[in-house]
2 protein chains.
Amino acid sequence: MPKQPLLPRKKPRQARAAVTVETILEAAARVLSKRSLDGFNTNRIAEVAGVSVGSIYQYFPNKAALVAALIGRAQDSLADAVERSLQRSQGQRLERVLLALIDVAIEHQFGDAVLAAALDHEEQRLPLGQMLSATQHRIAKAVQEALQAHPELAKTTVTATTTIDCFTIAKALIESEATRPKPDLAALRKRVLLALQGYLLQPATKTIPRKRTRTDTQSVQESP
Amino acid sequence: MPKQPLLPRKKPRQARAAVTVETILEAAARVLSKRSLDGFNTNRIAEVAGVSVGSIYQYFPNKAALVAALIGRAQDSLADAVERSLQRSQGQRLERVLLALIDVAIEHQFGDAVLAAALDHEEQRLPLGQMLSATQHRIAKAVQEALQAHPELAKTTVTATTTIDCFTIAKALIESEATRPKPDLAALRKRVLLALQGYLLQPATKTIPRKRTRTDTQSVQESP
DNA sequence: ACCTGAACACCGTTCAAGT
DNA sequence: ACCTGAACACCGTTCAAGT
């Protein structure tokens, strides 16, 4: 049962080593982006990076850790884009705020579709656990605060779960469109907006009679 | 560039061969369900099935085809459950109809969580193309017709895209909850309902000014 | 401290030989 | 027609040897 560590094995201490690590990550991204998961093997990565396979294993304990590092980078870049977007759309109508965020997400997915899709899949499969949660919490918190503060959502309780659901919904619709032969981004944008507005601006949610279950308490969690 | 075929290589002609195929598929499902993608190798499958590796390759051209067969089975079983659910909830309020479908989806995902999650991921990664579309179209069509005919959705145009979006949204929220340490199914059920109702029962969608794009035509596709 | 690449282990797939 | 399992190819990972 190989409980594989996903953290980098050690940090480069010399300048040239830092370059090596950078080169490896770039090569990995390029290989993943060109041929997706097939052909994504350490030998090819080493070849593209112009280093020996052994060098990869000096810094990453296994292939999964390499992928985890790429995911971390993608998350960081997304987090920056989200925060910039929130700042730019401050004080605007909710529709504008949401559209701006949707555009960020679409750009993130379609900017390098193959890479983004591959990373998304690996993100699910790897037991990343906490590793990425720092950045993810950073994004989620920023969005949650923006939504909570928005006048049009005065009547909506925006919990952490609500925010994460919005991410989940938007991501799923965007990824789904990305797998189509001829994506229609304008229509996609509308559909995601509709879904998010619908989820957030629900008209007077009446309590629903439902089948018996164990956990019949408060349905939304508090923010951490 | 191995464009791998995903269809079964040949059908068993003798009774004992049919048993072999069945045994292989069951073993594959069991292995996948126990250890997910790690440890899901042909040698183990053959061992669990009590046959030789060679036997697997008599009926399936590669490992992916085996997975594809499992996915096909899961889809068939889901399709049946959906159709039964629609029949039972005929004539009921929209909320009831949706909740019944949501329960089917939740049961499908949580019934064998590891297996379902693994199959979902592979479903994305493999170029299944048409292969499964038969069953998927069957499900989608049944749901679309039920929604279109529903009085509460008289004002909503329920296209094929609308229906697929509902599937995408529900599936994403359910899968997301499935990865949590302690899933709260009652709360999940409510959230999915909220999302679907919000998407379907949108109050007077005003047209939205948006950035210029090529495709500025009708945003929803016709049903096939 | 960093890099190399041959060597090892594991796993997908094939094929000659069997019934 | 079906089944077997040793053999081959490929790829992840290690490690002794180098700078």
Side-chain angles (χ1 to χ4, degrees), chain A residues 1-25 27-28 31-32 34-70 118 122 125-126, chain B residues 1-25 27-28 31-32 34-70 118 122 125-126:
Chain A
M1 216 166 299
K3 269 272 180 294
Q4 40 186 355
L6 295 175
L7 288 163
R9 182 169 268 163
K10 68 175 178 185
K11 276 190 187 306
R13 310 209 172 190
Q14 295 179 6
R16 62 166 176 162
V19 171
T20 301
V21 171
E22 190 56 36
T23 310
I24 290 169
L25 283 172
V31 171
L32 207 46
K34 289 267 182 207
R35 339 224 338 187
S36 193
L37 279 324
D38 328 316
F40 181 67
N41 57 277
T42 51
N43 293 302
R44 184 186 298 277
I45 295 166
E47 189 188 2
V48 170
V51 302
S52 156
V53 242
S55 290
I56 295 178
Y57 285 88
Q58 275 204 6
Y59 302 101
F60 304 96
N62 49 51
K63 207 169 82 161
L66 230 183
V67 175
L70 289 178
E122 295 304 300
R125 209 173 72 178
L126 303 176
Chain B
M1 217 166 300
K3 267 272 180 291
Q4 41 185 354
L6 294 175
L7 288 162
R9 183 169 266 162
K10 69 175 178 186
K11 277 190 187 308
R13 310 211 171 189
Q14 296 178 7
R16 63 166 176 162
V19 171
T20 302
V21 171
E22 190 56 35
T23 310
I24 291 169
L25 284 172
V31 172
L32 206 46
K34 289 268 183 207
R35 338 222 342 184
S36 193
L37 278 326
D38 328 317
F40 181 68
N41 56 277
T42 51
N43 293 302
R44 183 186 299 276
I45 295 167
E47 189 187 3
V48 171
V51 301
S52 157
V53 243
S55 290
I56 295 177
Y57 285 88
Q58 275 203 5
Y59 301 100
F60 304 97
N62 48 51
K63 207 169 82 160
L66 229 184
V67 177
L70 289 178
E122 294 303 300
R125 209 173 73 179
L126 302 176

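Just so it is clear, the values below take in all heavy atoms, side chains as well, and ignore hydrogens, waters and symmetry mates. Quick caveat: nothing in here was measured; it's all calculated off a predicted structure. Naming: A, B, ... by sequence-line order, numbering from 1 per chain.
Heavy-atom distances to DNA chain C give each of B:Gly39 and A:Arg13 a nearest nucleotide, and the one nearer the 5′ end belongs to A:Arg13.
The pairing partner recorded for D:dA1 is C:dT19, the criterion being a Watson-Crick or G-U wobble arrangement whose two distances lie under 3.5 angstrom. Of the nucleotides present, C:dT14 is the one that pairs with D:dA6 by Watson-Crick or G-U wobble criteria, both distances under 3.5 Å.
For A:Ser36 against A:Ala118, the heavy-atom pair with the smallest separation is OG-CB, 4.3 Å. Nearest approach of A:Val53 to A:Thr42, heavy atoms of both residues: CG1-O, 3.9 Å.
Summarising the geometry, the separation between CD1 on B:Ile24 and C1' on D:dC3 is reported as 10 Å, rounded to the nearest angstrom. To the nearest angstrom, C1' of D:dT4 lies 15 Å from CD of B:Glu47. Distance, A:Gln14 CD to C:dA1 P: 8 Å, rounded to whole Å. Atom P of nucleotide C:dC10 and atom CG of B:Asp38 are separated by 15 Å, given to the nearest angstrom. Counting to the nearest Å, the P atom of C:dC11 and the CZ atom of B:Phe60 are 21 Å from each other.
A cation-pi geometry, defined here as NZ or CZ lying under 6.0 Å from the six-membered ring centre and within 45° of its normal, holds between A:Lys10 and A:Tyr59.
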Next on the checklist: Across nucleotides 12-19 of chain C, 5' to 3', mark each nucleotide with B, S or - according to how protein heavy atoms within less than 4.0 Å reach it.
Outcome noted: BBB-----
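Residue A:Pro12 places its side chain closer to C:dC2 than to any other of C:dC2, C:dT4, D:dA1.
Contact check for B:Pro5 versus B:Asn62: side-chain heavy atoms found under the 4.5 Å cut-off. Counting heavy atoms from C-beta on, the side chains of A:Val51 and A:Ile45 never come closer than 4.5 Å.
When the side-chain nitrogen and oxygen atoms of A:Ser55 are compared with OP1 and OP2 of C:dC2, none of them lie within a distance under 4.0 Å.
Taking CG of A:Asn41 as the start and NZ of A:Lys63 as the end, the distance is 6.5 Å to the nearest 0.5 Å.
Using a 4.0 Å heavy-atom distance criterion, B:Tyr59 is classed as a sugar-phosphate-only contact.
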Checklist entry - For B:Arg44 and B:Glu47, what are the C-alpha separation, side-chain angles and deciding distance, and is it a salt bridge (charged side-chain N to carboxylate O under 4.0 Å, His left out)? => result CA-CA 5 Å; B:Arg44 183 186 299 276; B:Glu47 189 187 3; 5.5 Å; no
